[in-house]
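First the structure, in the form of structure tokens, and then the observations on it.
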Number of protein chains: 2
Amino acid sequence: MSVDKTIFKSVKRQRAFEEISLKIKELIFEGVLKSGDKLPSEGDLAKQFNVSRQTVREALRILELSGLIVVKKGFGGGTVIKNNISGRIVSLLSDAFRMEKVSVDEFTAARLTIERAIFNEAVDNADDRDIENLRENIDRAKNLIAKNEMATDLNFEFHSLLADASKNKVFVILERAINAIHHDIRSRRTADIKTSETAVRAHEKILGALIRKEREKAISMLEQHILTVRKSY
Amino acid sequence: MSVDKTIFKSVKRQRAFEEISLKIKELIFEGVLKSGDKLPSEGDLAKQFNVSRQTVREALRILELSGLIVVKKGFGGGTVIKNNISGRIVSLLSDAFRMEKVSVDEFTAARLTIERAIFNEAVDNADDRDIENLRENIDRAKNLIAKNEMATDLNFEFHSLLADASKNKVFVILERAINAIHHDIRSRRTADIKTSETAVRAHEKILGALIRKEREKAISMLEQHILTVRKSY
DNA sequence: TCACATTTGTCCGTATGTATC
DNA sequence: AGATACATACGGACAAATGTG
């Protein structure tokens, strides 16, 4: 019997900066380096890894583009561990959509699927705290609109809170990506306050259905809501 | 009425290498630089942009991590435009799942959702060529198994081909990510040929249902198939 | 097999910019 | 305002890889 081919993958000799970025990455994944921790300065890292500063810098670029660190210059600056992977995913998805010319319809179809699933899981797994967060989101949005202000960010947040309530981290990640891309699409057209208001009303109904665990009814409302938003583009 | 906050985003002064990477990126998106085109050497780029080679190199690292170029060393080497964005997305999703410690059950739940949606879309949109590719995949897998060899890669490919048939590029990207992560999970346990065989038989039935457009029946088989695989972990 | 040219990979030293104290 | 500790950027050099003649 032949051996699984995949064990031979990637024998390509690594470049020094790749090796270094991988080493630091492992330390982050293992929890040795936690969010907020500061890495040594470029010079120190160069000494420790016994390479030049240029090599260290390229390794840091990789970690930056992987959404694992942020770099600040000036006094007290330096590289700090900070998880921004989902931000990077969003950025790449945007690129992919531009390159592969993904249409808004394709995006909407995928969004419908995922939001449906999220709602279904949320019905089963939402706890009191989730319900409270969702209700608070709606209240704050309504207050803004009463003051004749847009509630865009809160309306996006509603869907993220639903994802939280699903208790599935995959959905949380995917929803974050969807939100960011949706935000990107939306920013290209002029917004009006009426849209915000319509959205909040839909959210309120969806929350009610979630509490009463009315699956079918809520999901068809959710679909309606998403398709209404899509039409406005 | 208050103005949308997002119009003020990112006034952060760009670093030179960011500016350069952005400029090249735009040329790629505009189609001025096409897949297969070779960029000038690092030295030439440094002269043209009037910066040092170090700066150019960091810009190239960004483009590399963005899945837009590949770099080859030595004579006849250099930087070539090549789209590998989805590969990068997959890699980042894997990172995100590791960071957030996504469980196999969470992953399986999300996978079920997406594969169900893919199959549904595939029923509507698959053309003759898709069917042919799926059938060929199964035939080749069966041939391997007849020779007592594993058909792991082909079995993964089957699901990718289904995603292709859905004609939704978002699903194609998501399915690739699922495959990569699944592959990662699977590699941690010993594989046996019986699993390959079971999978191919399931694939064959699913293809049959796809051709006959038997939605419900096929989807429940698909679910069964995915859950069987999950149990083996 | 062996030199050779080209291009990336890596190193060192130095200078400048920048945010905080 | 000035001292500081960083990142950012520059220039020149050599090492390593990789096709070609």
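Residue numbers start from 1 in every chain, and the chains themselves are labelled A, B, ... in the order their sequence lines are given, proteins ahead of strands. The model shown is predicted, which means the values in this text are computed figures rather than measured ones.
Under 3.5 Å, the side chains of B:T55 and B:S52 contain a donor-acceptor pair of N or O atoms. Looking only at atom types and distance, the side chain of B:N155 has no donor-acceptor partner in the side chain of B:T152 under 3.5 Å away. A donor-acceptor pair shorter than 3.5 Å cannot be found between the side chains of B:S166 and B:N125.
Regarding B:E19, its CD atom lies at a distance of 14 Å from the P atom of D:dT8, rounded to whole Å. Remark: C1' of C:dT8 and CG of B:D44 are 13 Å apart, rounded to the nearest angstrom. Whole-Å rounding puts the B:F17 CZ to C:dG17 C1' distance at 14 Å. Computed from coordinates, the A:I69 CD1 to D:dA7 P distance equals 10 Å when rounded to whole Å. Rounded to an integer number of Å, the gap from B:E42 CD to D:dA16 C1' is 14 Å. Between the CZ atom of A:R15 and the C1' atom of D:dA17 there is a distance of 13 Å, rounded to whole Å.
Annotation: side chain of A:L134 is not in contact with side chain of A:H203 (no heavy-atom distance under 4.5 Å). Here the side chains of A:V56 and A:V51 are in contact, with some heavy-atom distance below 4.5 Å.
Comparing the axis of the opening five pairs of the helix from C:dC2-D:dG21 to C:dC21-D:dG2 with that of the closing five pairs yields an angle of 10°, rounded to 10°.
Using a 4.0 Å cut-off between a side-chain N of Lys or Arg and a carboxylate O of Asp or Glu, B:E121 and B:K167 do not qualify as a salt bridge. Salt bridge absent: A:K169 and B:E100 never bring a charged side-chain N and a carboxylate O closer than 4.0 Å. A salt bridge is defined here as a Lys NZ or Arg NE, NH1 or NH2 lying under 4.0 Å from an Asp or Glu carboxylate O, and B:R15 with B:E18 meets this definition. Ion pairing between A:K23 and A:E26 fails under the 4.0 Å rule for side-chain N and carboxylate O.
Scanning residues 72-82 of chain B for heavy-atom distances under 4.0 Å to DNA chain D yields B:K73, B:G74, B:F75. Looking at residues 49-62 of chain B, you'll see B:R53, B:R57, B:R61 sit with a heavy atom under 4.0 Å from some atom of DNA chain C.
Within the 3.5 Å criterion, the main-chain N or O of B:G67 finds no donor-acceptor partner in the side chain of B:K82.
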Q.
Working note: B:R61 + B:E58, criterion salt bridge (Lys or Arg N to Asp or Glu O under 4.0 Å); need CA distance, chi angles, decisive distance, verdict.
A. CA-CA 5 Å; B:R61 285 297 84 69; B:E58 293 189 45; over 6 Å; no
